[in-house]
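Note that these values count all heavy atoms, side chains included, but never hydrogens, waters or copies made by symmetry. Numbered from 1 within each chain, the chains take letters A, B, ... in sequence-line order. Remember, predicted model here, so these are calculated numbers, not experimental data.
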Amino acid sequence: MAATRTTAAEAIREIPDGATIMVGGFGLVGAPLTLIDALVHGSDATDLTIISNNIGEPGRGLGLLLRQGRIRKAIASFFTSNPEAVEAAMSGAIAYELLPQGTLAEAIRAAGAGIRGFYTPVGAGTELAGGREERVIDGVPCVLMEPLRADVALVRAEWADGLGNLRYRLSAQNFNPAMASAATLTIAEAVEVLPVGGLEPESVHTPHLHVDRLVDAELSIGDVQGEGA
Amino acid sequence: MAATRTTAAEAIREIPDGATIMVGGFGLVGAPLTLIDALVHGSDATDLTIISNNIGEPGRGLGLLLRQGRIRKAIASFFTSNPEAVEAAMSGAIAYELLPQGTLAEAIRAAGAGIRGFYTPVGAGTELAGGREERVIDGVPCVLMEPLRADVALVRAEWADGLGNLRYRLSAQNFNPAMASAATLTIAEAVEVLPVGGLEPESVHTPHLHVDRLVDAELSIGDVQGEGA
Amino acid sequence: MTDPRDVIARRAAAELRPGEVVNLGIGIPNRIPAFLAPGVDVVLHTENGLLGIGPRPAAGAEDPDLIDAGKQPVTLLPGAAAFDSAASFAMIRGGHVDAVVLGALQVSEAGDIANWQVPGGKALGVGGAMDLVVGARRVIVTMTATTPEGAPKLVPACTLPLTARAAVSCVVTEHAVFRIDGGGLALVELLDGAGEEQVAAETGARYRVELG
Amino acid sequence: MTDPRDVIARRAAAELRPGEVVNLGIGIPNRIPAFLAPGVDVVLHTENGLLGIGPRPAAGAEDPDLIDAGKQPVTLLPGAAAFDSAASFAMIRGGHVDAVVLGALQVSEAGDIANWQVPGGKALGVGGAMDLVVGARRVIVTMTATTPEGAPKLVPACTLPLTARAAVSCVVTEHAVFRIDGGGLALVELLDGAGEEQVAAETGARYRVELG
């Protein structure tokens with residue numbers, strides 16, 4: 001199904017309490033800043049589980065959602081970009097799971113790809129195996145990782161077409177393509193929306209069957225720099 | 001390491017007896033026709049294991065290698081495009097394994113991605129599970145599939161740059177990107193070799209770290225149509 | 001008299017909704033686009049790596065790099081995307097294809113399907129059939145009610161090698177439409193003037209009757 | 001006196017061969033490009049999705065979409081490629097990165113490495129460290145020989161939470177180069193005028209001496 005064009009405020013309203021939400025970006029690069037802003041300022045959905053490489057920075061991006069007390073649990077590879085997230089996890093204010101970054105990315109891809117579990121050597125024999133099944137395969141100790149799905153994915157692309165096909169720019173791709181594939185409802189913001197046919201078929205990174213809502217990106221990194229300072 | 005520019009004849013000489021070789025293409029579309037021709041006519045490597053969606057057609061592509069008696073085993077999803085391959089498998093002239101096409105593709109990707117095994121619902125409870133471990137995950141019966149690696153991958157791209165970055169065209173992508181990632185030695189033929197910098201960073205489908213040898217594609221589908229007729 | 005394959009294709013076309021992503025198998029399903037109602041623009045996916053395929057090209061206008069999973073030349077519509085096999089089957093297995101329409105040799109009353117290996121003899125070709133029936137959200141089977149020898153294809157349990165268990169949601173024959181859910185098989189519609197007795201005679205599976 | 005970090009970076013740079021694909025961690029490894037010999041053009045990979053990164057951009061010329069894994073602005077060289085996180089870690093885990101150079105808190109004589117969680121207190125940041133040490137073909141550790149408190153970092157067995165077991169192939173400190181293989185740890189080179197006794201005093205692990 002092609003994506004529905006809408007506004008960030010409208011799209012965010014579809015997120016219920018208790019939802020599991022994936023949020024793209026590596027730090028703020030490639031993060032869906034417009035959608036995060038709408039989630040923070042235009043929604044009161046709470047008890048949320050967030051899956052994202054980072055949990056924002058103090059008072060910026062997802063860091064604002066954390067301050068609002070609306071995060072129940074966070075799954076990330078790098079909480080340390082936001083000391084307030086580390087503090088919340090350590091104090092028990094939020095539940096958390098720390099995963100190796102590649103395992104995080106692969107588990108999200110697996111969910112989108114209908115893979116029900118995979119064995120990775122990364123993290124085997126360490127505390128980040130999290131008590132998961134370990135098995136030696138061809139002499140290599142491996143951890144059985146489950147797929148990570150979400151109710152909603154918030155992603156950002158540089159280019160979209162009117163159907164919702166997405167193309168990312170440079171290192172702003174990061175977690176966005178995998179997350180777009182792994183959620184029941186994928187909401188994408190795009191910096192530039194081209195006419196249908198504006199993307200070459202081989203240049204589409206995320207085909208529109210993964211995208212449910214398409215909104216215009218209205219914020220860029222410059223707009224949120226120092227927001228919490 | 002960037003790819004080494006060479007000729008198909010030179011590159012194919014690196015394939016030893018007993019090698020496991022992945023060959024890209026869906027039918028003849030996207031198949032590395034130049035490299036297959038060099039393998040058939042310019043190499044006497046034998047006792048080969050071939051991993052490819054099809055085993056060519058009668059007397060065309062890999063079908064010629066089959067007629068030469070140089071295939072020991074074939075792993076494919078569609079032997080039926082070549083009745084001679086079906087006959088060879090049925091008579092015991094070659095060993096074979098039939099896999100669901102998506103499992104074949106995913107297992108090749110897994111090998112390239114360092115995944116040591118994955119659970120897929122496809123094929124569970126059928127004879128194509130091949131006696132592999134089955135496990136019910138979240139109520140869904142799944143098969144544990146192992147990665148499929150190769151000593152050599154033969155792939156074809158439409159565009160390359162001088163470093164060996166590859167870009168595929170339309171439905172000629174098929175198995176090529178996954179196979180390029182899953183072999184110890186990846187030999188790519190390209191229809192057009194652009195100067196370094198001739199591909200946009202986000203338009204590279206296979207980064208050059210996956211490509212060891214780069215040769216000019218000299219054959220196209222029109223050249224091999226009816227070769228065996 | 002209408003070709004039974006067109007009866008089946010026309011009715012199967014009515015199962016598809018506008019905008020859905022659909023994968024069509026070879027044979028009868030390939031006739032479906034001709035029967036889509038105006039405005040029902042489904043988006044066609046083909047497992048060898050395309051989304052958004054259009055009509056067959058004119059003779060001489062074929063692009064050798066542009067084929068569907070049946071290896072037939074196709075065209076692309078504006079907004080089409082091309083991707084590799086691993087990504088394409090990730091879409092299929094991951095539940096991103098709304099419906100697959102494909103043929104079958106047998107379908108059981110539990111929704112099991114056998115469609116890759118013909119009786120007596122190894123087919124050795126499965127292609128993407130297993131992935132599609134496991135992964136697509138709805139599996140619509142188009143098949144004649146009986147084999148050329150007159151044996152029912154809707155059976156209590158499949159005797160041919162399985163493609164997948166409990167996968168089929170709808171079966172369209174030249175005489176009837178059946179739906180399959182947790183409660184079993186239901187006859188929901190008669191086609192082309194067929195009567196209930198005729199359908200009963202050519203159906204091996206048990207079913208309930210829920211004609212609207 | 002040379003900054004010990006430059007001693008380490010200079011020697012670690014000599015471990016890299018022309019054309020290799022290399023991932024550099026933050027800290028000392030970031031100093032390596034300045035010490036590469038002319039003609040030793042390694043290809044830099046960064047796990048957030050770039051291959052072929054070039055020098056830091058001039059102030060004011062930063063592209064906000066172009067950062068490395070340390071979130072620092074970078075440039076791209078001709079022939080660079082950009083890809084997503086899943087693909088990037090597939091490259092790493094799949095053994096397609098020739099070498100990673102990164103810091104560590106402890107390395108054991110068996111090549112175990114602990115580098116993600118500082119003593120006393122949860123770091124809660126692992127990033128790509130585990131993937132890199134498991135996946136890269138060679139793992140080169142750059143670290144000072146001892147902690148600021150004087151405790152050896154090369155230890156019989158790691159006491160800090162592990163990043164991976166038997167992963168490290170080479171350790172470069174400001175005073176020595178060690179290699180690690182199935183046979184254990186070997187001191188292969190003294191650096192910056194250090195003597196064997198000094199290295200012995202600041203090394204907790206057992207090692208054999210194989211000075212060339």
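- At a threshold of 4.5 Å between non-hydrogen side-chain atoms, the residues D:Val43 and B:Leu209 do not count as touching.
- Shown here is D:Ile26, whose CD1 atom has no more than 12 heavy atoms of other residues, nucleotides or ligands within 6.0 Å.
- Looking at B:His205, there are no atoms closer than 4.5 Å to chain D (heavy atoms on both sides), in backbone or side chain.
- Remark: the backbone N or O of D:Met91 is not paired with any side-chain donor or acceptor of B:His210 at under 3.5 angstrom.
- Top candidate by heavy-atom pairs under 4.5 Å with chain D, chosen from B:Pro207, B:Gly114, B:Pro201, is B:Pro201.
- Closest approach of B:Arg109 to D:Ala90, counting heavy atoms only: NH2-CB, 4.3 Å.
- Put simply, CG on D:Asp84 and CD on B:Glu202 are 12.5 Å apart, with the number rounded to the nearest 0.5 Å.
- The two residues B:Val204 and D:Ala80 make their nearest non-hydrogen contact at CG2-O, 4.2 Å.
- Highest contact tally toward chain D, considering only B:Leu194, B:Asp161, B:Ile115, is held by B:Ile115 [criterion: heavy-atom pairs under 4.5 Å].
- Within the model, atoms CZ of B:Arg116 and CZ of D:Arg93 stand 10.0 Å from one another, a figure rounded to the nearest 0.5 Å.
- The neighbour count for B:Arg149 CZ, taken as heavy atoms of other residues, nucleotides or ligands under 6.0 Å away, is above 12.
- The candidate with the highest count of non-hydrogen atom pairs below 4.5 Å against chain D, out of B:Ala110, B:Ser181, B:Gly162, is B:Ser181.
- Remark: the backbone N or O of D:Gly79 is paired with a side-chain donor or acceptor of B:Asn165 at under 3.5 angstrom.
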